[in-house]
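Report on the following structure.
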Amino acid sequence: MTLAKRLGFEQSPVFLVDGTAFFYRGYHAFGDLSRSDGFPTSALFMIFRLLFKLLKEQEPSHLVFFLDGRGPNFRSKIYSNYKANRDAMPEPLARQVEPLRQGLRLLGVPVIVPEDAEADDGIATLAARFRDIRPVVIVGADKDLKQCLDDRVVLYDPSGKAEKLTTKAAFTAECGIEPASWPDLQALVGDTSDNIPGVPGVGPKTALAILRTLPTLEAVRDNLDAVPVSARKKIEPFLEAVFTYRALTRLRTDILPDTALADALLAKPDTAGLRAFLESYELRTLAREAAVLPTDPAGKAAQAAAPKAAGAATQLSLFGNDRPCPPPVEPGAARDFVPATGLPDLSGRAVALVPVAGGFTLSLGPAECATDAAPAELAPLLATASRVAVPSVKALLALDPAFEALPLPTWFDLGLAAYLLNPEQRNYGFERLRDSLFADPAVDASDLSPADTAKAAARLADLLASRLEAAGLSDLVARLELPLVPVLLSMERIGIGIDTAALAAFGAEVATELARLEGAIRELAGEGFNPRSSRQLGEVLYGRMGLKPRGKTPGGAASTSQEALERLAGENPLVDRILEFRKLEKLRSTYLDPLPRLADAAGRIHTTFNNLATATGRLSSSNPNLQNIPIRGTLGRRMRECFVAAAGKKLVAADYSQIELRVLAHLSGEPALLAAFEQGADIHARTAAILFDKAEADIRPDERRQAKTINFGLLYGMGPQKLSRDLGIKLDAAKAFIEKYFERLSGLSTFYQGIVDTAKAQGFVTTLAGRRRLLPEIHSANSQLASQARRQAINTVVQGGAADIIKMAMLAAHNDPELAGLGAAMVLQVHDELLLETPEAAAQAAGERLSALMCGVVALAVPLAVDWGAGQTWGQAH
DNA sequence: GCGACTCT
DNA sequence: AGAGTCGC
């Protein structure tokens with residue numbers, strides 16, 4: 001939804017973009033991004049990504065991009081220290097300025113560089129000038145922009161993970177002052193980034209308290225009696241200075257005298273030129289995006305400004321026609337969309353279907369045609385085809401449920417096929433697959449043009465189908481992966497309920513505790529200290545306080561990881577607070593704050609399950625990730641209590657017990673493991689008994705812990721170094737420990753060797769269900785890469801085997817008539833756990849049925865075991 | 001991109 | 001070992 005709609009603006013807003021800020025931010029966020037010849041492109045990437053997003057989502061008619069001018073401006077005349085601690089623009093950034101201007105020209109975006117002032121002043125000026133004609137959206141994140149807020153002026157920050165929208169109402173609710181008082185606030189509090197000192201000893205709390213009753217510095221000066229004594233004493237010596245500070249923070253609204261709304265009008269982009277430009281900086285994804293940008297801002301302006309025909313004409317002639325537009329380009333490629341009635345009979349044919357803007361394109365033999373037929377019209381036609389190849393079945397079914405009418409075996413999923421052939425690429429999108437068609441030396445693509453869509457999809461389908469067959473993967477697709485797609489979609493659609501009230505209460509407690517901790521930390525580390533910055537923490541701990549680093553990061557810096565910090569605990573009071581702070585801050589920033597915002601009107605969260613994400617065959621979950629919700633400790637428990645069943649329902653949680661070790665026992669045939677699982681023994685205690693030559697009953701908790709660590713470690717191919725660190729023992733001891741382990745469980749030793757041998761011989765390993773992972777590095781001369789590949793080989797058969805099993809269980813559960821009859825619906829998968837939502841009365845029966853299905857889904861050399869529970873919340877169900 | 005933290 | 005998200 002566009003911002004205009006969300007905010008109830010009837011006209012299309014003017015967008016004022018704080019270009020300089022995003023330019024810098026791009027440089028910091030993607031600092032290492034560069035063209036292959038080393039030319040830096042990080043800021044260009046950031047800016048064009050941002051603008052494309054704005055153009056696509058908001059379809060603006062008016063947008064201005066502001067940049068700071070070079071050299072000092074009026075502020076340095078008022079106050080020589082202004083921004084004195086800010087360096088000149090870094091060279092890699094400066095080199096991107098000219099390309100940026102060139103790109104903006106091609107995109108048709110007006111650029112304004114205020115003279116003797118900053119970008120923010122230009123924004124404030126035009127916001128004030130335009131707000132009575134048009135609503136204004138300021139695109140930026142600088143806090144000083146808050147002073148521009150108004151009923152028709154909002155602040156929008158679309159970059160970063162969660163976009164942020166600030167309205168005047170939100171601002172006054174939070175601060176209790178008017179936006180216009182912002183500069184007065186900053187003058188009192190100060191701003192380190194602009195080198196404004198503020199009044200020493202006056203922080204945001206004090207300042208806000210004062211400004212709520214005396215909203216301006218003038219009022220404060222004239223009513224000093226009304227200011228509490230302690231604050232008055234601090235402010236009095238600065239009564240003159242604060243006015244200077246305010247002049248620096250207050251944005252000007254009186255510049256750019258000749259700029260009118262017409263100057264903010266977007267011109268038509270030169271798409272071809274822009275593509276070439278982006279290609280020349282090797283920003284390929286953006287170059288492709290450039291091709292599908294909205295191309296008629298003037299027309300939209302008219303439409304948005306005045307839906308009535310007469311008004312539209314006026315607007316057009318006033319603003320649209322007096323502005324030079326680059327000549328239109330490449331609409332020779334414009335598509336003619338055939339309606340559903342114009343499509344031929346597809347029965348028995350193999351076709352490819354690709355969603356495009358405005359409809360679909362369909363391959364028909366050697367040709368392709370575009371259609372604007374609705375999914376509901378298309379589905380019956382497609383259902384008669386012998387094969388329908390698409391970039392992603394999941395995306396298509398998500399697009400419209402009408403496609404579920406097709407029989408599963410009809411689908412050919414290009415992304416899925418490519419994933420199963422080589423599960424380690426990070427991107428299985430259609431564009432990449434199509435590009436690979438041209439890059440593959442074994443493929444003759446001479447009959448295709450790079451722009452061919454459905455035709456390319458059809459070719460890819462032929463190619464991938466034969467490769468799948470040759471790799472023995474067709475069965476895996478047909479029997480497991482493809483049938484799973486509608487299951488995943490169903491889980492995503494159903495979602496899981498959250499208790500927003502419980503979450504809010506929990507969040508408030510955590511926030512209070514965080515504030516307390518932050519105060520204590522500042523007291524120990526100094527006023528400007530940011531406890532979220534590991535760099536600052538390293539400087540304080542290992543620099544100022546002289547503690548000895550207990551480890552390094554991969555980048556070589558002194559580590560401040562939990563592991564390193566825990567070893568310093570007791571040496572310094574700051575360390576404990578930081579550990580506690582981090583724990584709570586993670587909870588707040590990752591779960592407590594975002595989850596309520598992701599809930600739908602019914603209070604349910606809908607994650608996305610990605611079936612093409614992992615190298616081992618596991619699923620992943622994102623937006624939000626519901627597979628890493630905390631579980632350990634009181635806080636974890638409390639967190640899971642916030643996931644709840646709907647009224648009259650219960651949650652049933654069932655998880656496989658030790659599934660990976662059972663898979664390992666099955667594959668290796670190691671007698672000790674087989675016996676342990678056969679007898680239902682405590683596997684870690686049993687391992688400890690074997691290792692320490694003791695009866696299982698005599699094993700001490702510490703010995704069991706050690707055995708558990710080694711059991712898990714070896715699933716991951718853990719070496720002696722990591723084991724010695726994890727157990728806190730000497731390297732030699734760890735080596736001896738592992739040696740003993742493999743001696744006593746020699747079946748594992750031969751199994752591991754066998755895996756590595758087959759990986760070397762055939763170049764890949766295979767899981768229970770025939771899933772495979774290529775491991776070319778196993779032959780590497782670099783011993784580190786080679787051992788990495790050996791560990792991956794072992795981990796893949798074990799972790800991947802477990803992933804196969806739970807996927808089978810998901811199919812069984814989803815398609816089980818008994819569970820359906822009980823009204824149970826699967827809502828989550830967390831690698832070895834399935835979560836159902838069932839009517840309250842059916843929970844017991846559903847739990848029993850689900851665990852039976854999970855146990856019975858394959859017959860291994862050891863039994864599968866499942867623990868399950870039911871409750872009102874996810875926490876209780878455990 | 002990195003470092004830190006969450007999960008299985 | 002495999003993931004995803006946050007803040008810098």
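Protein chains get the first letters and strands the later ones, always in sequence-line order, with residue 1 at the start of each.
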Which nucleotide in the set [options] lies at the smallest distance from any side-chain heavy atom of [X]?
X	options	answer
A/Asn628	B/dA4, C/dG4, B/dT8	C/dG4
A/Thr590	C/dG7, B/dA4, C/dC6	C/dC6
A/Asn625	C/dG2, C/dT5, B/dA4	C/dT5
A/Thr614	C/dG7, B/dT8, C/dA3	C/dA3
A/Glu585	C/dG7, C/dA1, C/dG4	C/dG7
A/His831	B/dT8, B/dC5, C/dT5	B/dT8
A/Val830	B/dT8, C/dG4, B/dT6	B/dT8
A/Gln792	C/dC6, B/dC7, C/dG2	C/dG2
A/Arg532	B/dC7, C/dG7, C/dT5	C/dG7
A/Arg582	B/dC5, C/dA1, C/dG4	B/dC5

_Any residue meeting side-chain contact (heavy atoms from CB on, under 4.5 Å) with A/Lys735, in chain and number order, not counting sequence neighbours_ =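 For A/Lys735, the residues satisfying side-chain contact (heavy atoms from CB on, under 4.5 Å) (neighbours in sequence not counted) are A/Pro720, A/Leu731.
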*Looking only at non-hydrogen atoms, find the nearest pair between A/Ala569 and A/Asp576 and report the distance.*
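Of all heavy-atom pairs spanning A/Ala569 and A/Asp576, the closest is CB-OD1, 3.7 Å.
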Rounding to a whole Å, what distance do you find between [X]:[atom1] and [N]:[atom2]?
X	N	atom1	atom2	answer
A/Phe712	B/dC7	CZ	P	14 Å
A/Asn530	B/dA4	CG	P	14 Å
A/Tyr542	B/dG3	OH	C1'	13 Å
A/Lys807	B/dT8	NZ	P	19 Å
A/Arg618	C/dG4	CZ	C1'	13 Å
A/Lys708	B/dT8	NZ	P	11 Å
A/Lys583	B/dC7	NZ	P	11 Å
A/Asp832	B/dT8	CG	P	7 Å

Hey, could you give me each pair passing salt bridge (Lys or Arg N to Asp or Glu O under 4.0 Å) that has a residue in [range]? Not counting sequence neighbours.
range	value
residues 556-566 of chain A	A/Glu563-A/Arg567, A/Glu563-A/Arg725
residues 788-807 of chain A	A/Glu481-A/Lys807, A/Arg771-A/Asp804
residues 610-633 of chain A	A/Arg618-A/Glu660

*asked:* Between A/Glu580 and A/Lys583 (salt bridge meaning N to carboxylate O under 4.0 Å), is one present in this structure?
replied: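 Yes, charged N to carboxylate O under 4.0 Å.
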*Cationic N near anionic O, under 4.0 Å, A/Arg638 to A/Glu641*: no
Distance test, side-chain N/O of [X] to OP1/OP2 of [N], below 4.0 Å:
X	N	result
A/Thr553	B/dG3	yes
A/Gln562	B/dT6	yes
A/Ser620	C/dG4	yes

Would you classify [X] as touching base, sugar-phosphate or nothing, given that sugar-phosphate means primed atoms plus P, OP1 and OP2, and contacts are heavy atoms under 4.0 Å?
X	result
A/Glu833	nothing
A/Ile629	sugar-phosphate
A/Arg426	nothing

*asked:* Using a 4.0 Å cut-off on heavy atoms, which residues in residues 716-726 of chain A reach DNA chain B? List them by number, or say none.
replied: none
_Going by the rule salt bridge (charged side-chain N to carboxylate O under 4.0 Å, His left out), which residues pair with A/Asp726 if we only count those two or more places apart in sequence or in a different chain?_
A/Lys722
*What pairs with A/His666 under side-chain hydrogen bond (donor to acceptor under 3.5 Å, both in side chains), at least two apart in sequence or on another chain?*
none
*Applying side-chain hydrogen bond (donor to acceptor under 3.5 Å, both in side chains), name anything that partners A/Arg588, two or more places apart in sequence or on another chain.*
A/Glu585, A/Asp593
*Could you identify which residues of residues 632-642 of chain A place a heavy atom less than 4.0 Å from some atom of DNA chain C, listed by residue number, or say none?*
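Within this stretch, nothing sits under 4.0 Å of the strand.
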*Should the ring pair A/His684 and A/Phe712 be called parallel, tilted or perpendicular, given that the plane angle runs from 0 to 90° and is split at 30 and 60?*
tilted
